Amino acid sequence: MTTEVARLFGLSAESTRFREALTHPSFANERRIDVHNQRLEFLGDAVLELCSSEELFERFPEADEGELTRRRAQLVNADALAAFARDSGIAAALRLGRGAEANGLRDSTNVLADAVEALLAATYLDSGLVAARAACRHVIRAALERAEGGEERDPKTQLQESVQALGFAAPCYSLVDSGGPAHERWFEVQVSVGAVVLSSATGRSKRAAERDAADLALKRGLTGLASSEESEANDGMP
């Protein structure tokens with residue numbers, strides 16, 4: 001997976017800057033090393049702004065400044081960068097400290113977005129602006145495909161909207177179990193509405209487990225809620 005991420009950004013998997021870009025401060029603190037990806041993230045933010053602006057300027061020749069600015073904000077915000085990181089294997093390749101891993105930071109939107117920007121900076125420093133543009137295009141085009149394809153909102157948002165549309169309170173997520181060594185933790189989360197358990201799922205972080213539980217509940221069609229509503233109505237009949 002690490003080699004594939006390096007190839008995606010036009011980097012060598014043995015590059016010092018590539019490893020630095022994947023190193024979260026928590027890993028550096030635990031290993032007592034001075035190098036982590038925050039300085040690269042600072043530079044990568046500027047590289048991304050330039051390259052994404054160029055890409056949008058060329059792709060939308062009729063768009064005015066306001067539209068281009070809105071598009072850029074939509075396509076390179078933290079959520080979009082984190083989605084790219086999850087889809088491209090960057091999340092799995094990150095070097096995290098044990099505490100950060102246990103707290104689910106491998107799926108943190110900000111951590112993942114920082115890693116993408118750090119990788120763009122590493123590409124710029126190791127291979128130059130042309131290579132950075134090419135790497136940036138991967139990020140931008142993935143975001144454009146999601147936007148143009150009408151990609152749905154995240155499962156937790158969808159579930160909340162679906163449940164509340166039926167007249168119920170918002171779903172509640174509960175941690176029911178967890179385990180595994182510090183570097184490979186897992187979490188089981190249950191989602192329920194009132195007394196009705198909709199589904200449960202296991203993930204490498206609480207957030208990932210919540211997302212999967214919501215997705216499973218949506219796929220089941222909320223039949224449990226409908227049944228409970230009918231049951232309560234029947235119980236109230238004379």
Side-chain angles (χ1 to χ4, degrees), residues 1-9 11-45 48 77-123 135 138-139 142 154-157 159 171-191 199-216:
M1 183 62 70
T2 301
T3 301
E4 294 173 3
V5 172
R7 187 180 300 116
L8 180 65
F9 284 85
L11 294 165
S12 165
E14 304 304 317
S15 163
T16 299
R17 287 199 177 99
F18 175 65
R19 292 195 300 274
E20 180 181 341
L22 292 175
T23 302
H24 187 260
S26 63
F27 184 92
N29 290 338
E30 288 187 6
R31 299 299 178 94
R32 296 184 178 180
I33 58 178
D34 296 328
V35 178
H36 52 72
N37 65 8
Q38 295 301 285
R39 278 176 54 83
L40 284 176
E41 182 270 328
F42 167 78
L43 176 59
D45 179 67
L48 178 61
N77 60 33
D79 288 333
L81 296 181
F84 176 80
R86 296 183 186 102
D87 293 344
S88 58
I90 294 170
L94 278 175
R95 302 202 297 175
L96 291 175
R98 291 187 297 273
E101 186 79 70
N103 287 323
L105 292 192
R106 188 172 296 278
D107 196 54
S108 163
T109 294
N110 289 335
V111 168
L112 294 174
D114 286 354
V116 173
E117 291 179 339
L119 285 163
L120 289 171
T123 301
H138 291 304
V139 178
D154 69 278
K156 290 181 66 177
T157 300
L159 180 62
C172 176
Y173 296 86
S174 304
L175 179 66
V176 296
D177 200 5
S178 63
H183 67 283
E184 198 172 351
R185 296 280 290 170
W186 57 265
F187 302 86
E188 183 181 358
V189 169
Q190 177 179 282
V191 58
S199 67
S200 63
T202 302
R204 292 291 300 277
S205 70
K206 294 177 186 177
R207 180 173 175 173
E210 289 176 357
R211 189 171 59 244
D212 289 347
D215 187 53
L216 181 58

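Quick note: numbers below take in every heavy atom, side chains included, and nothing from hydrogens, waters or symmetry partners. Worth saying up front: this structure is predicted, and the values here are computed from it rather than measured.
- Between the side chain of N77 and the backbone N or O of D79, at least one donor-acceptor pair lies under 3.5 Å.
- W186 approaches G180 most closely through the heavy-atom pair NE1-N, 3.4 Å.
- Remark: T109 pairs with R207 by the side-chain hydrogen bond (donor to acceptor under 3.5 Å, both in side chains) rule, at least two apart or across chains.
- Panel note: side chain E20, backbone V35; no donor-acceptor pair is recorded below 3.5 Å.
- Not a single salt bridge (charged side-chain N to carboxylate O under 4.0 Å, His left out) links D212 to another residue, sequence neighbours left out.
- The shortest side-chain heavy-atom distance between L22 and L119 falls under the 4.5 Å cut-off.
- Contact record, K156 with Y173: CG-OH, 3.6 Å, taken as the closest heavy-atom pair.
- When all heavy atoms of S12 and A6 are compared, the closest pair comes out as C-CB, 4.0 Å.
- To the nearest 0.5 Å, the span separating CG on L159 from CZ on R211 amounts to 14.0 Å.
- Here R95 contributes atom CZ and N37 contributes atom CG; the two are 10.0 Å apart, rounded to the nearest 0.5 Å.
- Not a single salt bridge (charged side-chain N to carboxylate O under 4.0 Å, His left out) links R7 to another residue, sequence neighbours left out.
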List the steps, then state whether side-chain contact (heavy atoms from CB on, under 4.5 Å) holds for R17 with L11. CA-CA 9 Å; R17 287 199 177 99; L11 294 165; over 6 Å; no

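- Just one residue in the list S174, P155, S199, C172 forms a side-chain contact (heavy atoms from CB on, under 4.5 Å) with V191, and that residue is S199.
- Under the 4.5 Å side-chain criterion, counting only non-hydrogen atoms from C-beta, L94 is not in contact with F27.
- H36 NE2 to D114 CG: the interatomic distance, rounded to the nearest 0.5 Å, is 11.0 Å.
- F84 places none of its side-chain heavy atoms less than 4.5 Å from the side chain of L112.
- Here the closest non-hydrogen pair linking A28 and T23 is N-CG2, 4.3 Å.
- For the residue pair A102 and F187, the shortest heavy atom distance occurs at O-CZ, 3.1 Å.
- Minimum heavy-atom separation, V189 to K206: CG2-O, 4.1 Å.
- Applying the salt bridge (charged side-chain N to carboxylate O under 4.0 Å, His left out) criterion to E117, with sequence neighbours excluded, gives no partner residue.
- A salt bridge is defined here as a Lys NZ or Arg NE, NH1 or NH2 lying under 4.0 Å from an Asp or Glu carboxylate O, and D107 with R86 meets this definition.
- The side-chain hydrogen bond (donor to acceptor under 3.5 Å, both in side chains) check on R19 picks up nothing, with sequence neighbours excluded.
- Atoms CG and CZ, on D34 and R32 in that order, are 12.0 Å from each other to the nearest 0.5 Å.
- Applying the side-chain hydrogen bond (donor to acceptor under 3.5 Å, both in side chains) criterion to S26, with sequence neighbours excluded, gives H24.
- Between the OG1 atom in T3 and the CG atom in L8 there is a gap of 12.5 Å [rounded to 0.5 Å].
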